[in-house]
Structures are given as structure tokens and as C-alpha cells.
Amino acid sequence: MDATKYKNQILAKAQELGFFYCGFSKAGFLEDEAPRLENWLKNNHQGKMSYMENHFDKRLDPSKLVPGAKSVISLLFNYATDHKQLDVEAPKISKYAYGEDYHYLVKERLVELFSFIKDLVGEVEGRAFVDSAPVMDKAWASKAGLGWIGKNSNLIHPKEGSFFFIAELITDLDFEQDGPMKDYCGTCTKCIDDCPTEAIVAPYVVDGSKCISYLTIELKDELLPNEFKGKMDNWAFGCDVCQDVCPWNRFSKPHKEERFQNPKLLDFTKKDWMDLNEETYRELLKRSPLKRAKFKGIKRNLLFIDPTTK
Ligand code: SF4
Ligand code: SF4
């Protein structure tokens with residue numbers, strides 16, 4: 001069903017729900033991404049994220065996730081903030097983790113948007129995704145004209161930078177496609193030059209196994225690899241360097257979402273982190289993305305960046 005005439009109503013509802021951008025693309029096999037993904041896996045850039053090796057076809061073809069898929073509706077949810085960790089010496093936490101885990105909030109809003117679309121259009125087959133299934137969210141958002149994939153492999157919106165979450169609805173509705181958008185990285189190489197672990201091994205290629213986000217969150221080993229000793233730039237959970245240095249992020253504006261703020265976490269001093277025990281961890285990090293690394297993982301990261309941690 002051609003649902004292009006409903007686009008404006010969907011856009012308005014998406015904005016009302018807090019998504020600051022919404023774009024439409026045609027669902028189909030991601031031909032350009034297929035060889036890139038294949039090479040990336042062949043070079044073991046996924047490290048121990050074995051889930052990346054699974055569902056190769058599903059990643060590239062949305063009709064394998066939603067039979068009869070015709071469109072991908074991509075949505076951006078802002079998490080840019082001017083809040084900072086109070087103690088400049090405290091182990092650093094990625095901005096996206098300053099408050100409640102985005103999976104809860106963004107999924108709730110996405111499900112609401114999908115209900116709205118069903119009420120508006122009638123019977124719709126589809127599924128909602130927030131970083132929860134093998135969906136190449138950046139590729140779809142870029143096809144939908146919401147930005148381009150930069151040399152740091154993040155989606156960059158020309159008016160907002162890259163501090164946002166990406167969500168999508170894959171549906172059997174047909175829409176005119178909005179994108180894609182041109183690449184505006186130009187001759188810039190700031191993200192490549194400033195990455196603390198040299199994880200951006202070539203423009204547009206991040207070796208996940210060297211990335212601090214992978215090391216501090218995804219890697220479940222008891223110890224972090226010694227080759228990264230002294231290179232972690234004090235990051236204990238995630239890393240924002242390649243986004244912080246990106247000139248396009250000077251356009252980002254702070255979000256207004258209270259649930260993305262946990263003032264207690266930002267007030268935590270270096271000493272508080274070093275003394276962190278399981279009870280405080282549970283209390284402080286209720287519904288936090290840091291839960292993904294588990295207490296053991298956070299302690300491991302803290303010890304790695306500062307061996308004086310208790
Ligand atoms: S997140 Fe940090 S470690 Fe990973 S590529 Fe970007 S700058 Fe490098
Ligand atoms: S820092 Fe420069 S090269 Fe890297 S993503 Fe941003 S604009 Fe592109």
C-alpha cells in the first residue's frame with residue numbers, strides 16, 4: 001500500500017514523541033553494505049562480538065526480518081548534552097549513558113508511534129527495532145536522508161552532529177524514499193587522528209576489537225588486553241572521542257529528556273568510583289546502560305585504567 005500521503009502525519013507524531021528526525025527509505029537488499037560487512041568480518045574487526053557474524057542475510061535484507069517489508073522508517077532520538085562529570089579526574093562515561101538505558105525509553109516511544117500508524121493507516125505488518133536485532137540502522141538512516149556515515153562510522157546529521165540514538169520501524173507500507181544524503185567529511189581526518197587506540201584503521205573502517213567502547217562494554221574477558229594499557233584515555237564505559245572531535249558536533253543541541261540524566265552519576269568523584277562496591281553499583285545504576293558491563297566488568301575497567309582501585 002502506498003502510504004506516502006501519511007508521511008506528514010507520521011512525522012508530526014514522531015516529533016511529538018520526542019524523535020527529532022524521521023526519514024523513509026525503501027526496504028531492499030543493502031547491496032553496497034554487503035561487501036563492506038563481509039570484509040569487516042573477514043578482518044576480524046568484530047573481535048569477540050560473535051553475534052555480528054550471525055544473521056548475515058538478515059542484516060542485509062529487512063524482508064528476512066519482516067516478510068513483505070517495503071519500507072524502513074528511521075528515527076533519531078537526541079542524547080547530546082552539555083552536562084559533564086563533575087570531577088574531571090573521574091573515570092569517563094560515554095554521554096549516552098548519563099541517564100536511563102535508552103532501550104526502555106526509545107522503545108516505548110517507538111511502539112507508540114507504530115500504534116499511531118496502525119490507527120491511521122489500518123492493517124500494517126511491521127516490527128520496531130532499537131539496537132535490538134540485526135538491523136544496519138546507520139545504513140537505513142543514511143538512505144532515508146538523515147545524515148551520512150562519517151569516517152568514524154557514526155551517522156552524522158548536518159544540523160545535529162552524531163549524538164543521537166537510531167531506531168527504526170520496518171513495515172510493509174510503501175513510502176517515497178527521502179534520501180540518501182551526500183558525505184560531508186571532506187578532507188577532515190580528526191576522528192582518525194585523535195582515536196586513543198588507533199581503532200579507525202582506515203576512513204570509514206573501525207576495527208571494533210580495538211575500540212574502547214568494545215573493550216569496556218562488549219568484551220567479557222576477565223582481563224583487558226595489555227596492549228591497551230595506558231591508551232584508554234581514562235574511559236571506563238564507552239568512548240566519545242571520535243564524536244567529541246568531529247566538527248559537525250558543534251551543531252548538536254542538548255536534549256530535554258529528564259530520564260537521560262542521572263545527576264548522582266555525574267557527581268561521582270574519582271574516589272567514589274575507585275571505592276565502588278556492589279551495593280552502590282546497584283543503587284546508583286538502576287536502569288542504567290552501565291548495567292550491560294555488569295559490576296565485574298566495571299570493576300575490571302576501573303582497575304585497568306587505575307590499578308589503585310579497591
Ligand atoms: S569510540 Fe573511541 S576508541 Fe572507538 S573508534 Fe571512536 S575514538 Fe576510537
Ligand atoms: S571528525 Fe571529520 S572525518 Fe571524522 S567523522 Fe567527523 S567530519 Fe568526518
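Order of appearance sets the numbers: ligands from 1, and atoms from 1 within every ligand. This one's a predicted model, so the numbers in the text were calculated from it and none came from an experiment.
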Note: Trp248, heavy atoms under 4.0 Å from ligand 2, region reported as side chain

Note: Cys242, heavy atoms under 4.0 Å from ligand 2, region reported as neither

Quick look: Thr197 vs ligand 1, heavy-atom contacts under 4.0 Å, and the answer is side chain

With heavy atoms and a 4.0 Å threshold, my read on which part of Cys191 contacts ligand 1 is neither

Please identify which atoms of ligand 1 are closer than 4.0 Å to at least one heavy atom of [X].
| X | result |
| --- | --- |
| Pro196 | 7 (S) |
| Ile200 | 5 (S) |
| Val241 | 7 (S) |
| Cys239 | 1 (S), 2 (Fe), 3 (S), 7 (S) |

Query raised in the report: Does Cys188 offer a backbone N or O that forms a donor-acceptor pair with the side chain of Lys151 under 3.5 Å?
Result: yes

Item to complete: Under the side-chain hydrogen bond (donor to acceptor under 3.5 Å, both in side chains) rule, what do Ser162 and Asn249 come out as? Steps first, then yes or no, please.
Response: CA-CA 6 Å; Ser162 61; Asn249 271 322; 3.0 Å; yes

Numbered in order shown, the ligand 2 atoms found under 4.0 Å of a heavy atom of Asn152 are 5 (S)

For [atom], the protein heavy atom that lies nearest, with its residue and separation:
| atom | value |
| --- | --- |
| atom 6 (Fe) of ligand 2 | Cys246 SG, 2.4 Å |
| atom 3 (S) of ligand 1 | Ile212 N, 3.2 Å |
| atom 4 (Fe) of ligand 1 | Cys211 SG, 2.4 Å |

Point to revise | Contact check: Cys188 to atom 8 (Fe) of ligand 2, N/O/S below 2.8 Å | key: no

With Phe260 as partner, the option from Asn78, Thr81, Leu105 fulfilling side-chain contact (heavy atoms from CB on, under 4.5 Å) is Leu105

Exercise. Would you say Cys195 reaches atom 8 (Fe) of ligand 1 with an N/O/S atom under 2.8 Å?
Worked result: yes

Residues Ala27 and Pro62: closest non-hydrogen pair is CB-CG, 3.7 Å

### Message
When you measure from the centre of the six-membered ring of Phe175, is the NZ or CZ of Lys26 closer than 6.0 Å and no more than 45° off the axis?
### Response
no

